[in-house]
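Note that the coordinates shown come from a computational prediction; the quantities given were computed from them, not determined experimentally. One-based numbering, in listed order, for ligands and for the atoms of each.
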Amino acid sequence: MGALSGGAILTIDLGALADNWRTLRDRSGGAECAAVVKADAYGLGIEPAAAALAAAGCRTFFVAHLSEARRVRHACADATIYVLNGLLPGSEGAFLPDGIRPVLGSPEEIVDWAAFCRAQGKRLPAAIHIDTGMNRLGLPVADAFDLAADPILADFKPALLMSHLVAAEDTANPVTARQVADFERVRGAFLGVPASLANSSGILHDGVPGYDLVRAGFALYGGNPTPGRDNPMGPVVRLEAGIVQLRDVSDGEAVGYNGTWTARGPRRLATLSIGYADGYSRAASVTDSDGGTPRGQAIVAGRRCPFAGRVSMDLIILDVTDVPRDAVKRGDRAVLIGDDLTIDEVGARAGTIGYEVLTSLGKRYDRRYVGG
Ligand SMILES: *Cc1c(COP(=O)(O)O)cnc(C)c1O
């Protein structure tokens, strides 16, 4: 069974990650292409991902937390690193030793950072986050104009003016054009400060300027930034689990916890060594009452096979009836992510998105980094 440890095997292709970064850089209209490596590089491992991206030429990284920023700093001594979640009260001093920059997202954070800089006697760099429609982080547009005229700006170094798109993957959504227009107006008040608006989908959205820097996340890791169209990105993640047992069940037999799946006719089942304790969503369970909603599948011997019954903690049961008997045996591997089964499809089959599939990738997998 491939992994003698018994668990599923997660293969992460750092060469494909670097290729995706180059693809996005080349499509960014001359803007610098920064990498968003929050949440452990979307579940892939922050140190190997950041090191591979830095080796490809990436110079700027975004994370959510200061602890993540420190991990990037360890992997990349000279990178520029921004913390998207900004300043927690009293945390200013913690940014200093590793030269990490906060993304200031409220007037209070700006006051705190400016006061810290005055006390240090240094104009330390930080990004300013403008809210153009998310209502999550960032200064409202009116506050941004006030800030542009405020002498407090002289106390620190505004190194980046940024905002975040609400729905860039949905090219028909008019909110993007409104966000671009608002950001444009604010940018005019912060002359000389580099600007950044696009996430992965924004980079590939014709209506979103790249400005000085784009912030690529999901697409780097192989997710499709253009849903409904061909994915311009290469796959980075492959997930395979070993077949622990094969068995035949007859018509009417119930399968899995609570017997929620019933064999219609004689079926052949394969039990896989992977479950929700590995981060594989239990929402992908296939039950008699699904009513045809797309749910979990895996690939065995080149064929798509549906799950049978509930995803359990450490195991998933697969209906392999359609695989020729001699094409599958105990110890073979089933593909849960890979070949034509993309992270986006796996997400949809669990009622979620590829982003959550990636960031849920389990800690128990036998992780193999290739192409580094
Ligand atoms: C997560 C995040 C990104 C990256 O978004 P993707 O859709 O993964 O490319 C960019 N900017 C901000 C502010 C983010 O929070």
Side-chain angles (χ1 to χ4, degrees), residues 17 20-21 23-25 27-28 31-44 46 49-50 53 58 60-66 68-69 72 80-87 101-106 109 126-139 144 159-171 173 175-176 179-180 182-183 186 194-205 208-227 231-234 236-237 342-344 347 352-361:
L17 175 68
N20 285 342
W21 180 78
T23 298
L24 292 165
R25 175 201 60 192
R27 298 186 66 164
S28 296
E32 178 185 348
C33 185
V36 182
V37 294
K38 62 196 180 191
D40 203 22
Y42 290 46
L44 273 58
I46 208 164
L53 290 162
C58 181
T60 302
F61 295 85
F62 289 81
V63 294
H65 300 168
L66 193 52
E68 297 173 330
V72 175
T80 299
I81 308 169
Y82 286 101
V83 173
L84 290 165
N85 286 14
L87 282 182
R101 303 178 177 190
V103 176
L104 306 172
S106 69
E109 288 177 48
I128 300 170
H129 192 162
I130 312 299
D131 177 27
T132 54
M134 185 79 91
N135 275 310
R136 187 178 68 167
L137 294 172
L139 274 76
L160 189 70
L161 186 75
M162 58 169 270
S163 187
H164 193 37
L165 297 169
V166 170
E169 75 290 347
D170 174 10
T171 49
N173 195 322
V175 71
T176 303
Q179 289 191 274
V180 170
D182 282 347
F183 189 65
V186 175
S196 173
L197 181 59
N199 65 336
S200 296
S201 295
I203 294 169
L204 298 166
H205 188 305
V208 177
Y211 297 113
D212 301 289
L213 178 142
V214 298
R215 307 185 306 272
F218 188 52
L220 286 174
Y221 310 107
N224 188 357
T226 59
N231 188 356
M233 315 315 301
V236 175
V237 172
T342 64
I343 49 180
D344 295 283
T352 181
I353 54 176
Y355 289 73
E356 193 174 349
V357 171
L358 289 178
T359 57
S360 303
L361 287 169

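Residue-to-ligand polar distances place Tyr355 within reach of ligand 1: an N/O pair is separated by less than 3.5 Å. In terms of N/O distances under 3.5 Å, ligand 1 is approached by Phe218. Where the criterion is an N or O separation shorter than 3.5 Å, residue side chain and backbone included, Lys38 meets it with respect to ligand 1. Of the polar atoms of Gly217, at least one N or O is found under 3.5 Å from an N or O of ligand 1, judged by distance alone.
With Tyr221, Phe62, Tyr42 as candidates, the residue nearest to atom 8 (O) of ligand 1 on a non-hydrogen basis is Tyr42.
Atom 9 (O) of ligand 1 has as its closest protein heavy atom Ser200 OG, 2.5 Å. Counting only heavy atoms of the protein, atom 11 (N) of ligand 1 lies nearest to Arg215 NE, 2.9 Å. The protein atom (non-hydrogen) at minimum distance from atom 5 (O) of ligand 1 is Asn199 CB, 3.5 Å. In this structure, atom 12 (C) of ligand 1 lies nearest to the protein heavy atom His164 CE1, 3.3 Å.
Using bins of under 30°, 30° to 60° and over 60° for the plane-to-plane angle, the ring pair Tyr211/Phe183 lands in the perpendicular bin.
A donor atom on one side chain and an acceptor atom on the other are not found under 3.5 Å apart for Ser163 and Gln179. Side-chain N/O atoms of Thr80 and Arg101 include no donor and acceptor closer than 3.5 Å. Side-chain N/O atoms of Ser201 and Glu169 include no donor and acceptor closer than 3.5 Å.
For Arg136, every heavy-atom contact with ligand 1 shorter than 4.0 Å involves the side chain, none the backbone.
Under the salt bridge (Lys or Arg N to Asp or Glu O under 4.0 Å) criterion, Asp182 pairs with Arg185, not counting sequence neighbours. For Asp131, the salt bridge (Lys or Arg N to Asp or Glu O under 4.0 Å) criterion is met by no residue, not counting sequence neighbours.
Remark: ligand 1 atoms within the under-4.0 Å shell around heavy atoms of Met162 are 13 (C).
Ser28 places no side-chain N or O within donor-acceptor distance of the main-chain N or O of Ala31, the cut-off being under 3.5 Å. Side chain of Asn20 to main chain of Tyr221: no donor-acceptor pair is present (N/O by atom type, distance under 3.5 Å, no hydrogens or angles).
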